[in-house]
Amino acid sequence: MSYIKITETPSNHDNLEQLDTTSILTKMNEEDKKVADAVAAVIPEITKLVDALAERFEKGGRLFYIGAGTSGRLGVLDASEIPPTYGMPHERVVGIIAGGDVAIRKSVENAEDDRLQAWKDLITHKITDIDVVVGIAASGTTPYVLGGIEAAKKNGILTAGVTNNPGSPLSEAADITIAMNVGPEFVTGSTRMKSGTSQKLALNMISTALMIKIGRVKGNKMVNMQLSNVKLVDRGVRYVSEGLGIEYAAAEKLLKEHGSVKEALDAGA
């Protein structure tokens with residue numbers, strides 16, 4: 001191995017079992033404070049990915065996240081929140097986890113070790129060269145992710161790697177590398193902690209910036225959100241009221257007529 005596997009280096013803290021609760025939490029928080037700076041350092045790479053995604057989305061392209069374990073779950077989480085938040089079809093941002101949907105809740109033994117399965121999973125979605133595949137792996141060595149990225153590249157598909165080990169195989173394999181060095185984990189090797197937090201931040205940045213770039217946000221409002229419950233309908237009415245400078249009751253009537261915040265705003269403008 002020609003690089004330092006930062007995610008496996010010893011914690012900056014020891015004898016954790018001897019600490020009182022407040023000390024455990026305080027030291028954990030001290031480590032967490034380093035995460036945002038590590039993400040900030042890779043904004044140029046995230047920018048490249050978002051701009052490339054926006055260009056492809058305008059042509060009908062899609063975003064696929066692939067990962068295993070915590071990384072896979074974070075990809076599924078980010079993808080699952082796009083339709084309700086921005087009104088996009090479920091098939092435009094897709095999270096794929098090694099072991100299938102059952103692995104979202106329970107560990108699937110050896111699923112991440114299958115180097116061929118990710119590509120098999122991707123081709124069930126009829127993936128094309130206007131799509132983008134983002135592999136997520138804290139270690140940067142997960143066979144499932146590496147195999148998927150390599151196969152996607154061979155088929156002319158843009159790839160990106162989200163990892164916490166600069167110089168790892170994933171960093172080398174992907175077209176765009178987002179390598180966030182968050183340092184050793186509080187509990188040595190437990191990448192669901194700082195590494196996972198950094199991945200969550202990066203994925204939020206990728207998908208949110210993409211949605212803004214393709215016009216799914218107006219001002220600072222989620223004008224394409226699905227009005228699927230009372231809370232969201234109320235939020236939508238307030239968006240219309242504020243956006244058009246009209247009373248709540250009039251905004252409510254307009255929203256009911258048009259069925260979406262964006263259409264209500266456009267109609268009332």
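Closest approach of Tyr65 to Ser207, counting heavy atoms only: OH-CB, 4.0 Å. Between Ala264 and His258, the shortest heavy-atom contact is N-CB, 3.9 Å. Heavy-atom minimum distance, Thr9 versus Ile4: CG2-CG2, 4.3 Å. Across Ala209 and Val50, no two heavy atoms sit closer than the pair CB-CG1, 3.8 Å. The heavy-atom pair separating Ile6 from Pro166 by the smallest distance is CD1-CD, 3.9 Å. When all heavy atoms of Ala138 and Ser71 are compared, the closest pair comes out as N-OG, 3.7 Å.
A heavy-atom distance below 4.5 Å is not found between the side chains of Leu63 and Arg56. Contact check for Asn164 versus Gln199: side-chain heavy atoms found under the 4.5 Å cut-off. For the pair Glu257/Leu254, a side-chain contact is recorded, criterion being any heavy-atom separation below 4.5 Å from C-beta on. Side-chain contact check for Ile214 versus Met211: some heavy-atom pair is nearer than 4.5 Å. Put simply, the side chain of Thr177 does not reach to within 4.5 Å of the side chain of Glu45, judged on heavy atoms. Between Val133 and Leu122 there is a side-chain heavy-atom pair separated by less than 4.5 Å. The closest side-chain heavy-atom distance from Ile178 to Ile206 is below 4.5 Å. Counting heavy atoms from C-beta on, the side chains of Pro169 and Tyr3 come closer than 4.5 Å.
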Query - Worked verdict on Ile127 versus Trp119 for side chain to side chain contact (heavy atoms under 4.5 Å, CB included) - result: CA-CA 9 Å; Ile127 190 167; Trp119 181 244; 3.7 Å; yes

Query raised in the report: Hey, mind stepping through Met225 and Tyr239 against side chain to side chain contact (heavy atoms under 4.5 Å, CB included) and telling me if it holds?
Result: CA-CA 11 Å; Met225 65 181 177; Tyr239 283 178; 4.0 Å; yes

**Report entry** Evaluation steps, side chain to side chain donor-acceptor pair (under 3.5 Å), between Thr197 and Asp32
**Finding:** CA-CA 8 Å; Thr197 300; Asp32 287 341; 5.1 Å; no

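In this structure, OH in Tyr248 is found 15.5 Å from NZ in Lys253, a value given to the nearest 0.5 Å. Taking CD of Glu252 as the start and CG of Asp234 as the end, the distance is 8.5 Å to the nearest 0.5 Å. Here the straight-line distance linking atom OG of Ser198 with atom CG of Asp37 works out to 12.5 Å at 0.5 Å rounding. Note that OG of Ser139 is 5.0 Å distant from NZ of Lys5, once rounded to the nearest 0.5 Å. Distance check, rounded to the nearest 0.5 Å: CG of Asp14 to NZ of Lys27 gives 11.0 Å. Atom CD1 of Ile82 and atom CZ of Arg92 lie 11.5 Å apart (nearest 0.5 Å).
Residues Ile176 and Val39 share a single hydrophobic cluster, defined by chaining ILVMFWY side chains whose heavy atoms lie under 4.5 Å apart. Using a 4.5 Å cut-off between side-chain heavy atoms of Ile, Leu, Val, Met, Phe, Trp and Tyr, with links allowed through other members, Ile130 and Phe64 fall into different hydrophobic clusters. Hydrophobic clustering (side-chain heavy atoms under 4.5 Å, transitive across Ile, Leu, Val, Met, Phe, Trp, Tyr) keeps Val134 apart from Ile123. Using a 4.5 Å cut-off between side-chain heavy atoms of Ile, Leu, Val, Met, Phe, Trp and Tyr, with links allowed through other members, Met88 and Val76 fall into different hydrophobic clusters. No continuous path of hydrophobic side-chain contacts links Ile136 to Val108 [ILVMFWY only; heavy atoms under 4.5 Å].
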Residues 93-104, side-chain donor-acceptor partners within the protein, below 3.5 Å, at least two apart:
none

What pairs of donor and acceptor atoms, side-chain ones from residues 181-196 against any protein atom, are under 3.5 angstrom apart with sequence neighbours left out?
from: Asn181; atom 1: OD1; to: Gly183; atom 2: N; distance (Å): 3.1
from: Glu185; atom 1: OE1; to: Lys194; atom 2: N; distance (Å): 2.7
from: Glu185; atom 1: OE2; to: Ser195; atom 2: N; distance (Å): 2.8
from: Glu185; atom 1: OE2; to: Ser195; atom 2: OG; distance (Å): 2.7
from: Thr188; atom 1: OG1; to: Ser11; atom 2: N; distance (Å): 2.9
from: Lys194; atom 1: NZ; to: Glu31; atom 2: OE1; distance (Å): 2.7
from: Lys194; atom 1: NZ; to: Val182; atom 2: O; distance (Å): 2.8
from: Lys194; atom 1: NZ; to: Pro184; atom 2: O; distance (Å): 2.6

Could you go through residues 142-159 and list every donor-acceptor pair under 3.5 Å that involves a side-chain atom there, pairing it with any protein atom two or more places apart or in another chain?
from: Tyr144; atom 1: OH; to: Asp121; atom 2: OD2; distance (Å): 2.6
from: Glu150; atom 1: OE1; to: Arg115; atom 2: NE; distance (Å): 3.4
from: Glu150; atom 1: OE1; to: Arg115; atom 2: NH2; distance (Å): 3.3
from: Glu150; atom 1: OE2; to: Arg115; atom 2: NH2; distance (Å): 2.9
from: Lys153; atom 1: NZ; to: Ala173; atom 2: O; distance (Å): 2.9
from: Asn155; atom 1: ND2; to: Ala151; atom 2: O; distance (Å): 2.8
from: Thr159; atom 1: OG1; to: Asp175; atom 2: N; distance (Å): 3.0
from: Thr159; atom 1: OG1; to: Asp175; atom 2: OD2; distance (Å): 3.0

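Counting only distance, with no hydrogens or angles, the side chain of Thr163 and the backbone of Ala179 share no donor-acceptor pair below 3.5 Å. A donor-acceptor distance shorter than 3.5 angstrom exists from the side chain of Arg62 to the backbone of His125, with no hydrogens or angles considered. Remark: the backbone N or O of Asp113 is not paired with any side-chain donor or acceptor of Asn110 at under 3.5 angstrom. Thr85 contributes a side-chain N or O that, together with a main-chain N or O of Glu81, makes up a donor-acceptor pair within less than 3.5 Å. Listed for the Asp131 side chain is a donor-acceptor partner under 3.5 Å among the backbone atoms of Thr128. For Ser241 (side chain) and Val237 (main-chain N/O), no donor-acceptor pair under 3.5 Å exists by modelled atom type. Side chain of Ser171 to main chain of Asn165: a donor-acceptor pair is present (N/O by atom type, distance under 3.5 Å, no hydrogens or angles). The closest donor-acceptor contact from the side chain of Asn224 to the backbone of Arg216 lies under 3.5 Å.
Shown here is Glu91, whose CD atom has more than 12 heavy atoms of other residues, nucleotides or ligands within 6.0 Å. Atom NZ of Lys221 is surrounded by more than 12 heavy atoms from other residues, nucleotides or ligands within 6.0 Å. The local environment of NZ in Lys34 is crowded, with over 12 non-hydrogen atoms from other residues, nucleotides or ligands closer than 6.0 Å.
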